[in-house]
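Following: one structure in structure tokens, then a few remarks.
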Amino acid sequence: MPKFIVYFVKYVDAVNYRVGRFAMYGIFVMMAILLWSSISKTFFTPSLWTLEMAQFAMVAYYILGGPYSIQLGSNVRMDLLYGGWSLRKKAWVDAFSVFCLLFFLVVLLWGGFSSTAYSLEYGERSPTAWRPQMWPIKVIMCAGILLMLLQALSELFKDIARIRNVEL
Amino acid sequence: APAVHSQSTIRWRMQTYAGAALAEHVIVPAINSFNKIAGERMQIELFFADQLVPTGELFRAMQRGTIDAVQSDDDSMASPTEVTVFGGYFPFASRYSLDVPVLFNQYGLKEIWEEEYAKVGVKHISAGAWDPCHFATKDPINSLADLQGKRVFTFPTAGRFLAQFGVVPVTLPWEDIEVAVQTGELDGVAWSGITEDYTVGWADVCNYFLTNNISGAWIGHFFANMDRWNEVPEDLQELLRVCMDQSHYYRQWWYWGGEADLRVNGTKMELTTIPDAEWAQVEQAANAFWDEIASESETKARIVGIIKQYNDAMAKAGRPYRYT
Amino acid sequence: MSYELIAILMFSTMMLMLMTGQRVFGAIGAVAALGAVFLYGTGGVEIPFSAAIKLMKWYPLLTLPMFIFMGYVLSESRIADDLYRMFHVWMGPVPGGLAIGTIGLMVLISAMNGLSVAGMAIGATIALPELLKRGYDKRMVTGVIQAGSSLGILVPPSVVLVLYAMIARQPVGQLWLAGVMPGLMMATMFVIYIWVRCRIQPHLGPVLPPEERNVPMAEKLRLLRAGLLPLAIFFTMMFPFINGWTSLVESSAIGALTAFMAAVVKGRMTRAVFETSVRQTLAITCMFMWIILAALAFGAIFDGLGAARALENLFVGELGLSPWVILILMQLSFLLMGTFLDDTAMLVIVAPLYVPLVAGLGFDLIWYGVLYTITTQIAYMTPPFGYNLFLMRAMAPNDVTLADIYRSIIPFVAVMLLALTLVMVFPQIALWLPEMVYSK
Ligand code: NA
Ligand code: NA
């Protein structure tokens, strides 16, 4: 395989591994926010920001964690036919069908850029009493989708390598 | 507009802020009329709250042409204009639903709105008055102190205003409200009059209705993507306006009659009232709030000025325009 | 292009892409993206990302990672071992008793987590080896574990019912309560089946040998205390919620924390357990969320193209079927789709089309939620596509073949179909409890 591709796969996998491992602890962030929400509601005045903050945390959690979940192989596939194929055949089919995934991610990213540009241009705030700026979460979403796109490319290269009997 | 249908019929997608139950009254009849009259020439496909895009993205979707037309107030779709805070329930700006069309047609708000929306690529078609803003809650409200700590679904601007009385404003997707009251996410709603509480099912989950309101009539609108609007022939533009105004007219009598009837004959919610003397504090706070908003920009100051001028005239006119 | 044609085109393209074995969210998302770019028209390209924003606003989804985390903490930390010992000792003397005890174990596990995965994992790691060692028939055992773990989504808390609640806009609390009686009824029916079958064919579930049965009474009573833990976790989570002190999502966080603390206090929260629970929670949550995201995008495009209306017109208008026939057709279509479609995707894509129809036909949406959930459970277990089948295949020892697994579920699916019919004919089985608790 060309050196460029070997490095691409190596670095993309490494970056996504680290980002994913970081996002993984987001479960405790969500838990802490929701627990604070229960406590503040029961003993003081309810906080304005907890539910929305927890939603932001959740979005960051699953979007930034997405590429790592691909590395972990946890995305379910319909394996009626797929399950019975050899590794090489799987690699062949995946090398084509992954373009579906790439296309979806490109469209998602397109919309993400457009939506982020809007929130930066108009200083968009969430229409709630807390009124947080929307661009930070949208930037995180775009970054996560971009990383997902890179991960899908990395999977494609790995499949091509597998077809050529090389393991990246 | 959809890409897959033949070009001879103009097809619009319109999304309303309302869910299916409410839409049955506040929009479906007008769209049906329009479609029946326009026939082969133009058809509007109606979508309910959050159906195609979430409310938070609604304005942008219209600006980009993902949605061709929208029925909403400025506030809940967070339009990036100077007039946003006045849509929905700007506290105590109106007492009766007739106040709104007068403000727009005789006091010049219409021109301001058209101008502000044109700046962001959107056609402001029509403004109308909808219902008043009352509290419907699980626990009774008999004094201002009872508002403390109540988590209430309300409009952003109304929420900003009510926060000074200890209300905790919560914004959730409209369709989730009934469930959120049941699951404890909310203690109540300050979003509508009693007609709507009964129509959409909130009366089933709230036990009390506060007769004092913070606004006598919501300001809501119809908008369209500017390019789509310009593509429509003049006579169909006229028909759109007429049908939208017809929808406002429907609300005038539907709410006016409904509010009185359900207060008297409704069985699902018990009425409570905060004494006038105490409620006066809230009205006073609204004056301060108006000044605060007016100081934010020139356009806002102009609108606040118009609202003040109008309410002064009404107060001087006396009965039946104003009783206090 | 007509609306009907668009509907058929989008569905068939999705099926085709799923057949390639590409990740489910990629297959569904691709159809959404294709529709957005080529069919929707102006601004369609914005819709998939809008779906991500819509997903963010679906606040009950916050319960998803919480319940998944709870499930992993419970299964990984093996705090269920004591529970299993309890059932083992108490039920051992009965023919098929260990299998019956496993159903009991599954009911308790179900009350502590929202998916069937945890029940599956606990059943496969704790119960399965013990039962095989004691001469239980392997088909009986794998069937018991698969059927029992499916109770996880019917007995509260339940993630499937949370998803359904969001789509049908029905109160989660009532839905959860509506699942209780059908869940217990189904568990009882499983127990009756096992007992009768093992009376007739004792070799399927032999009675424990006397040396294992003769446990002193004091020890037996001490083991009963193990049952307190799941009850405690269940009540710390459900009591404040049903009383309205905490909201649904807050309660789920309390449940996750309680399970975590229970593992810490019992000294089972090792580094390895912590690592697996936290990592797997991310992996499974991501799987769910990306599928829901893709399915929401698909749904919005499908809707925006008028295809959803076409389906509705077809069912109610043109075919002119009676409400019950439509309802039964819907259930059958779920079973059919469940053979090749991922269950979450099925819920997010199909339920929005069916729910307004069900409501329009005058059926109760709480009751329908329970029907839907039982049907999903059956779909979970029926070949070729089913989570429980996959998990069983992954977790079972090598001498349990795929054919064994497929054959093992047959009697249990029959029992579940009977339960489904009972709930359809007698809606009060589901509705009695929520009506009693929530009567104003
Ligand atoms: Na459960
Ligand atoms: Na299946």
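Throughout, protein chains are lettered first and strands after them, A, B, ... in sequence-line order, and every chain is numbered starting at 1.
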Proximal component of Val37(C), with respect to chain A [non-hydrogen, under 4.5 Å] = side chain
Which answer fits Ala27(C), side chain, backbone, both or neither, if we ask what part of it has an atom under 4.5 Å from a heavy atom of chain A?
-> neither
Would you mind reporting whether Glu52(A) and Lys57(C) have side-chain heavy atoms less than 4.5 Å apart?
-> yes
For residues 22-40 of chain A, which side-chain N or O atoms pair as donor and acceptor with protein atoms under 3.5 Å away, sequence neighbours left out?
unit_1	atom_1	unit_2	atom_2	d
Trp36(A)	NE1	Ser47(A)	OG	3.3
Ser37(A)	OG	Thr50(A)	OG1	3.3
Ser37(A)	OG	Glu250(C)	OE2	2.5
Ser38(A)	OG	Leu34(A)	O	2.9
Ser40(A)	OG	Trp36(A)	O	3.1
Ser40(A)	OG	Ser37(A)	O	3.2
Ser40(A)	OG	Ser47(A)	OG	3.3

Taking C-beta and beyond as the side chain, do Leu74(C) and Ile233(C) meet within less than 4.5 Å on heavy atoms?
-> yes
Residue by residue, which of residues 148-163 of chain A have a heavy atom closer than 4.5 Å to a heavy atom belonging to chain C?
-> Met148(A), Glu155(A)
Filtered by a 4.5 Å non-hydrogen cutoff, the part of residues 279-286 of chain C contacting chain A is Arg279(C), Thr281(C), Leu282(C), Ala283(C), Thr285(C), Cys286(C)
For Phe69(C), is it the side chain, the backbone, both or neither that has a heavy atom under 4.5 Å from a heavy atom of chain A?
-> side chain
What residue in Val59(A), Val98(A), Val107(A), Leu105(A) has the most heavy-atom pairs under 4.5 Å with chain C?
-> Val107(A)
Aromatic centroids of Phe49(C) and Phe113(A) separated by under 6.0 Å = no
Residue among Gly20(A), Ser74(A), Ala57(A) with most heavy-atom pairs under 4.5 Å to chain C = Ser74(A)
Choice from Ile47(C), Leu293(C), Val278(C), Thr246(C) maximising heavy atom contacts with chain A below 4.5 Å = Val278(C)
With a 4.5 angstrom heavy-atom cut-off, could you sort out which part of Met17(C) is near chain A: side chain, backbone, both or neither?
-> side chain
Going by the angle between their ring planes, with limits at 30° and 60°, are Trp49(A) and Trp130(A) parallel, tilted or perpendicular?
-> tilted
Under 4.5 Å to a heavy atom of chain A? For Leu55(C) that would be side chain
Below 6.0 angstrom between ring centroids: does that apply to Phe239(C) and Trp245(C)?
-> yes
Is chain A contacted by the side chain of Phe298(C), its backbone, both, or neither, given a heavy-atom distance below 4.5 Å?
-> neither
With a 4.5 angstrom heavy-atom cut-off, which part of Ser251(C) approaches chain A: side chain, backbone, both or neither?
-> neither
Among the options Val106(A), Ile70(A), Ile145(A), pick out the one with the most heavy-atom pairs lying under 4.5 Å from chain C.
-> Ile70(A)
Could you pull out all donor-acceptor pairs under 3.5 Å where a side-chain atom in residues 131-143 of chain A meets a protein atom, sequence neighbours excluded?
unit_1	atom_1	unit_2	atom_2	d
Lys138(A)	NZ	Ser115(A)	OG	2.8
Lys138(A)	NZ	Glu124(A)	OE1	2.8
Lys138(A)	NZ	Glu57(B)	OE2	3.1

Could you check whether the rings of Phe4(A) and Phe8(A) sit parallel, tilted or perpendicular, using 30° and 60° as the cut-offs?
-> tilted
Would you call Leu34(C) and Phe104(A) a side-chain contact if the rule is heavy atoms closer than 4.5 Å?
-> no
Side chain / backbone / both / neither for Ala51(C) at chain A, heavy atoms under 4.5 Å | neither
